[in-house]
Amino acid sequence: MSYEGSHFLGFRHHRVSNVLSRTSGPFLGYVPARTDENPFLRGDSNGRFGKFGGKFVPETLMSCLRDLEDEFNFVLSDHEFQVEFTAALRDYVGRETPLYFAERLTQHYKNIARTTGDGPEIYLKREDLCHGGSHKINNALAQAMIARRLGCSRVVAATGSGQHGVATAAACAKLSLECTVFMGTTDIEKQSSNVLSMKLLGAQVKSVQGTFQDASSEAIRNWVGKLETTYYLPGTVVGPHPSPVMVREFQSVIGKETRRQAKQLWGGKPDVLVACVGSGSNALGLFHEFVRDEDVRLVGVEAAGLGLDSGKHSATLAVGDVGVYHGSMSYLLQDDQGQILRPHSIGVGLEYPGVGPEISFLKESGRAEFCTATDQEAIQACMLLSRLEGIIPALETSHALAILEKLVPTLRDGAKVVVNCSGRGDKDINTLIQRGMPSSLC
């Protein structure tokens, strides 16, 4: 048994606090270009950010995770891997994605504020234009390449909205790997177009009773039973180390491009970065590059669902507590007995009862600020961007857009706001029709 335990299910912080002093180790240099001593960029050998993260897994998985960590650290500086990956990001994924000035959306909020000045400017980082329709392909492709290097012939993954499933299926098709995607029955019904896409790409889609959290548990069980041939490909920044750091690293291309593009467009940095937060992959992808730029505000938007008082939401950082789930310590939605609660959001990709350890650390340290948007606010923001800019955002992304109504009036004239448009919304058309699109548009 590992000293950090075998706990894949959630329990409260006080039950694991005695292990915190027993996890230590040198910084491994996950981001080679950033090896200073800034604590926001440092994680120890057990993948901890402050008290968050770690490896709460059975002893049987420790060797597998160590091998994965060794390979990850190797490919970060391996010329052959980097050349292949960079070419694939360019020619297959379609990077770099535009940093688009949303002129009509900017004018809309200027009119609402009735300002006589120029008002803030709103830009969209167009991850919805990536191959497959979301940012998920950045990580899926890199990890599928690692799976092939490790000699695995089969990849398993779990998906909620289906975006990570589509990305994984596409990457596996490209690299000639067998692919199995686990998906909750509720999500399969809501995201039928993505299910068909996964199957067309050659993936086997296995239904699991429940939602994304249930599918994640089943994918992990399947992986544990077939470690010799199977690679578990996570789509978000949760799970035991090194998974959260790997996903963040491969998504950090979003922020790196944003910095370069901002310099080209207006000769400086963004003033505010905004991203939706389910468990954190697209938010960290944008935020991480700017964490040590303390003059850049980082704003994450969680799903308030039907309202924080309703109990039907996915606002982990707003009302959650610290515990362990799926192999790492972070903020979780749990009851007084430490049992994991079932999350809710109209954006099914946000329906996870926890956030990643690095996101948890950004909250606790105060470096990032977090707020919430309800289902209805997300629907309204989705329709607004569609009508004003001709861009249909995913309902997950729409939560980030929804906060602009409250955020923009507080900003100075000329402030540059970048919203991560993390996915496209054609997968959500049926949900929009059922839940809130005016009948005149149906």
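Treat the numbers as computed from the prediction; the structure is a model and nothing was measured. In this chain, numbering begins with 1 at the start of the sequence shown.
- For the residue pair Asn139/Gln251, the side-chain donor-acceptor check at 3.5 Å is not satisfied.
- Side-chain atoms of Thr185 come within 3.5 Å of backbone N or O of Gly210 as a donor-acceptor pair.
- The two residues Lys136 and Gly235 have their closest heavy-atom pair at NZ-O, 2.9 Å.
- Among all heavy-atom pairs drawn from Thr106 and Pro120, the shortest one is CG2-O, 3.1 Å.
- In terms of modelled atom types and a separation under 3.5 Å, the side chain of Lys416 and the main chain of Gly414 share a donor-acceptor contact.
- Between the side chains of Thr97 and Glu127, at least one donor N or O sits under 3.5 Å from an acceptor N or O.
- Using a distance-only test at 3.5 Å, with no hydrogens or angles considered, no donor-acceptor pair links the side chain of Ser134 to the main chain of Cys130.
- Atom NE2 of residue His326 and atom CD1 of residue Ile220 lie 4.5 Å apart, to the nearest 0.5 angstrom.
- Side-chain atoms of Asp426 and Ile392, non-hydrogen and from C-beta on, never get closer than 4.5 Å to each other.
- In this structure, a donor-acceptor pair under 3.5 Å is present between the side chains of Ser422 and Thr397.
- Side-chain contact of Arg260 with Thr258: a donor-acceptor pair under 3.5 Å is absent, judged by distance alone.
- Checking side-chain atoms of Glu389 against main-chain N and O of Glu103 turns up a donor-acceptor pair under 3.5 Å.
- Between the Asp187 side chain and the Phe212 main chain, a donor and an acceptor come within less than 3.5 Å of each other.
- Side-chain atoms of Glu218 and Asn222 form no donor-acceptor pair, as typed in the model, at a separation below 3.5 Å.
- Between the side chain of Arg126 and the backbone N or O of Tyr100, no donor-acceptor pair lies under 3.5 Å.
- What you find for Ser281 and Val247 is that their closest heavy atoms are CB-CG1, 4.0 Å.
- Residues Asn138 and Arg95 are in side-chain contact: their nearest non-hydrogen atoms beyond the backbone lie under 4.5 Å apart.
- Without hydrogens or angle criteria, Glu294 side chain to Arg367 main chain gives no donor-acceptor distance under 3.5 Å.
- Rounding to the nearest 0.5 angstrom, the gap separating the CZ atom in Phe72 from the CD1 atom in Ile146 is 7.0 Å.
- Side-chain contact check for Thr236 and His164: no donor-acceptor pair (N or O, by modelled atom type) lies under 3.5 Å.
- Counting non-hydrogen atoms of other residues, nucleotides and ligands closer than 6.0 Å to NZ of Lys269 gives a total above 12.
- In this structure, a donor-acceptor pair under 3.5 Å is absent between the side chains of Asn282 and Glu396.
- Using a 30° and 60° split on the angle between ring planes, Tyr325 and Tyr352 fall in the tilted class, from 30° to 60°.
- Side chain of Asp214 to main chain of Thr211: a donor-acceptor pair is present (N/O by atom type, distance under 3.5 Å, no hydrogens or angles).
- Using the six-membered ring where Trp is involved, Phe85 and Phe250 have ring planes that are perpendicular, over 60° apart on the 30 and 60° scheme.
- Heavy-atom contacts from other residues, nucleotides or ligands closer than 6.0 Å to CD of Gln209 number 12 or fewer.
- Of all heavy-atom pairs between Pro393 and Ser386, the closest is CD-OG, 3.9 Å.
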Could you pull out every donor-acceptor pair under 3.5 Å between side chains of residues 399-412 and any protein atom, sequence neighbours left out?
unit_1 : atom_1 : unit_2 : atom_2 : d
His399 : ND1    : Leu395 : O      : 2.8
Thr410 : OG1    : Leu407 : O      : 2.6
Arg412 : NH2    : Asp271 : OD1    : 3.1
Arg412 : NH2    : Asp271 : OD2    : 3.2

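- In terms of modelled atom types and a separation under 3.5 Å, the side chain of Asp128 and the main chain of Gly423 share no donor-acceptor contact.
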Stepwise salt bridge (Lys or Arg N to Asp or Glu O under 4.0 Å) check, Glu302 with Lys363: CA-CA 12 Å; Glu302 294 189 291; Lys363 168 190 164 60; over 6 Å; no
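- For the pair Thr159 (side chain) and Met183 (backbone), a donor-acceptor distance under 3.5 Å is absent.
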